[in-house]
2 protein chains.
Amino acid sequence: MAQVAVPTVLQLVQSNSLPALVQVEIEQLILRGELAIGQHVNESELAGRFGTSRGPIREALRALEESRLVRSEKNRGVFVREISVAEADEIYDIREALDQLIGQRVAERATSEQLRGLKAVVAEMDVTVRVQDVKGYHALNLKFHDMLVDFAGNSRLTESYRLLTKGLLLFRLRGLQDGGGFAVSNTEHKAVIEAFAARDSAKAGRLLRQHAVASRARMHKAAAAAAAQ
Amino acid sequence: MAQVAVPTVLQLVQSNSLPALVQVEIEQLILRGELAIGQHVNESELAGRFGTSRGPIREALRALEESRLVRSEKNRGVFVREISVAEADEIYDIREALDQLIGQRVAERATSEQLRGLKAVVAEMDVTVRVQDVKGYHALNLKFHDMLVDFAGNSRLTESYRLLTKGLLLFRLRGLQDGGGFAVSNTEHKAVIEAFAARDSAKAGRLLRQHAVASRARMHKAAAAAAAQ
DNA sequence: AAATTGATTATTGTCAACAATCTGCGATCG
DNA sequence: CGATCGCAGATTGTTGACAATAATCAATTT
C-alpha cells in the first residue's frame, strides 16, 4: 500500500550503526509509553537492556534530544519531554499550515491507487467508531495522516510533519484526546478525500487545514475537561 | 533589539555539556564553509581541535545528523550534507507555507519597537544594495528573517524555520544565490513591513509568502546560470 | 598494460574504566 | 525541633584503548 521497500534485518544492521538502531528503539519505548512522560532515562539501564555499552545509548539520546523527544540537564541526565498545552498550541499553529500544504499537494499528485488506500483506511476507522474503539481509531488516524503526508511527495515535508506529530504525542492527555468527537473527525476525512477525488487542490487544502483546526479544538476540549475534574 | 538574555561563558559551560558546545561549534564550521560541502568530517581531527576525546564529538555529530546538516555512512564516517536543487525546492515548499504564517503572526503580535527594528535592518540593507555588497546583504537578510520568525512569538515555529533555513545554506550555489535581484528583494521587505504597520494580517501573510516564492525563483535563476557556464 | 589480489594504514565503532557531580539520608549543631 | 553539614551510593561526563571496517597502494597475474 505504502509501497516502501522493507529492508531485511541483515541490511538493517549492515547499513545502520548501533546508535541509529538504538535510537528508533528508544523512540518506540517513549511513544508506546513504556518510558513515562517526564521520567528520568537511565543510561546504564538502557545499555543493559539493549546489550551495549553506554556510548551508543548516549549518541542515540543526543539525536532524540535534537528531535525534542527528550530533554537533557547537565549532570542530571535526560528526561522524556512533556509538552504543555501552550506548546501543543504552538505545534498546531505549524501543523495547520502544513496540513493545508499537504492537502493541496495530495490533490495534485496522489494516484488513484493511493486514493483507494486512503478510502480503505477511512472505512476501517468507521468500524472503530461504530464499536467505540478509541485506541484503534487513534492508531488508524495516525496511519491515515502518515499516508497523506507521504502522498504529498515531499520527503522533507514528511520529515518535518512527522517530527511535529511525534511532539504532539508527548502531550500529557494523549489517549483522552479524541475522547469525544472522533465520529465527526472521520466525517472530515471523507470530505477531504472527496476533494482529492475531484482534484480540487484549493478545497482539499482548506479542508485539511480545517480538520487540523478542529483537531486542535478537540484537544482543548479534552484538556479543559481533564483540568475540571 | 532581539532582547535575548545573552549568557556568560561561565553559565554556558555550566549548563551545557561538552557535546552541546561542540555541536554549535561544528555547526558554525559548516555554516561558515570551513568544512566544505560534501567533505568528510574526521572525528579525531575535530577532537584534537577542540581538545576533547572523540566521544563528545560523536554525540555532537549525531545531533547534527538529526538536524540534517551532516549525513552518516556506517564505517565510513560523516559528511557535510549537500542538497540538490530538488531538495532545496522541497524546503521552499515548506518555507512558503511557514512564511505566510510568520507574516500573519508578526502583523498581529509585533510591538512597534520590533517594527522599528525591522525597518532599521531594511535600511541597512538598502545601503548594501547601493554599494553592491552582496555578502553584507546576505547576512542582513538572514538577520531580518530571523527577527521576523522570532517576532512571530512561536518558539517551535522558530525552531522549525531555522532548521529549514540552515538546510538551504547547504545549497551548492550559496553566495551566488542573490546574485541578481537583491534590490527587488529589499523592496519586497518594505512592502511586508507596510502591511505589518497597517496590522493587515492577511496581506502580510500573502506578501511574505510571495517573497519566499520570489526568493525561490531567484535561486532557480542562479542555478540555471551556474549550470549554463 | 589492465585488472586483481593482498598487505598496510587510517578511520570508525564499541567498550570498560575513571573522574566529576548529584541525590538521599543520617548525624550534628544551634 | 529544625536546619545544616557531610558522607555514602548512584549516575552522568569523559577518556583512552581495542576491535572492526574501509581506503590505499604495490606486487602479481593474465
J.: Mind checking side chain to side chain donor-acceptor pair (under 3.5 Å) for Arg71(B) and listing every partner two or more places apart, or none if nothing turns up?
T.: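 Arg71(B) satisfies side chain to side chain donor-acceptor pair (under 3.5 Å) with Glu73(B) once adjacent residues are dropped.
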J.: For residues Tyr137(B) and Ser185(B), report the shortest heavy-atom separation together with the two atoms involved.
T.: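 What the structure gives for the nearest pair is OH-OG, 2.8 Å.
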J.: Please work out whether the ring planes of Phe144(B) and His189(B) are parallel, tilted or perpendicular, with thresholds of 30° and 60°.
T.: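 Ring orientation, 0 to 90° scale: tilted.
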J.: If we count only N and O atoms by modelled type, under 3.5 Å, do the side chains of Asp99(A) and His145(A) hold a donor and an acceptor together?
T.: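 There is no such pair between these side chains.
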J.: Which letter, B, S or -, goes with each nucleotide of nucleotides 5-18 of chain C from 5' to 3', with contact meaning a protein heavy atom under 4.0 Å?
T.: ------SBBBB-B-
J.: Can you tell me if Glu87(B) uses its side chain to pair, donor with acceptor, with the backbone of Arg156(A) under 3.5 Å?
T.: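 Side chain of Glu87(B) to backbone of Arg156(A), a donor-acceptor pair under 3.5 Å: no, none is there.
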J.: Are any side-chain N or O atoms of Arg109(B) and backbone N or O atoms of Ala152(B), one a donor and one an acceptor, separated by less than 3.5 Å?
T.: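 Flag set: sc Arg109(B) to bb Ala152(B) pair under 3.5 Å.
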J.: Tabulate below the donor-acceptor pairs under 3.5 Å that side-chain atoms of residues 20-31 of chain A make, not counting sequence neighbours, or state none.
T.:
from: Gln23(A); atom 1: NE2; to: Glu66(B); atom 2: OE1; distance (Å): 3.1
from: Glu27(A); atom 1: OE2; to: Lys166(A); atom 2: NZ; distance (Å): 3.0
from: Gln28(A); atom 1: OE1; to: Arg32(A); atom 2: NH1; distance (Å): 3.1

J.: Does Glu90(A) use its side chain to pair, donor to acceptor, with the backbone of Ser155(B) at less than 3.5 Å?
T.: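 Side chain of Glu90(A) to backbone of Ser155(B), a donor-acceptor pair under 3.5 Å: yes, one is there.
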J.: For the helix from dA1(C)-dT30(D) to dG30(C)-dC1(D), what is the angle between the axes at its two ends, each from 5 pairs, rounded to 10°?
T.: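 For the helix from dA1(C)-dT30(D) to dG30(C)-dC1(D), the axes at either end differ by 10°.
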J.: Quick test of your reading: applying ring pair (Phe, Tyr, Trp, His ring centres under 6.0 Å), list the pairs with at least one residue in residues 29-75 of chain A, sequence neighbours left out, ordered by first then second residue.
T.: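 Qualifying pairs: His40(A)-Phe79(A).
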J.: Nearest heavy-atom pair of Asp146(A) and Val149(A): which atoms, and what distance?
T.: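 Between these two residues, the closest heavy atoms are O-CG1, 3.2 Å.
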J.: Going 5' to 3' along DNA chain D, between which two nucleotides do contacts with chain B fall, using a heavy-atom cut-off of 4.0 Å?
T.: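 So the contact region on DNA chain D extends dT14(D) to dA23(D).
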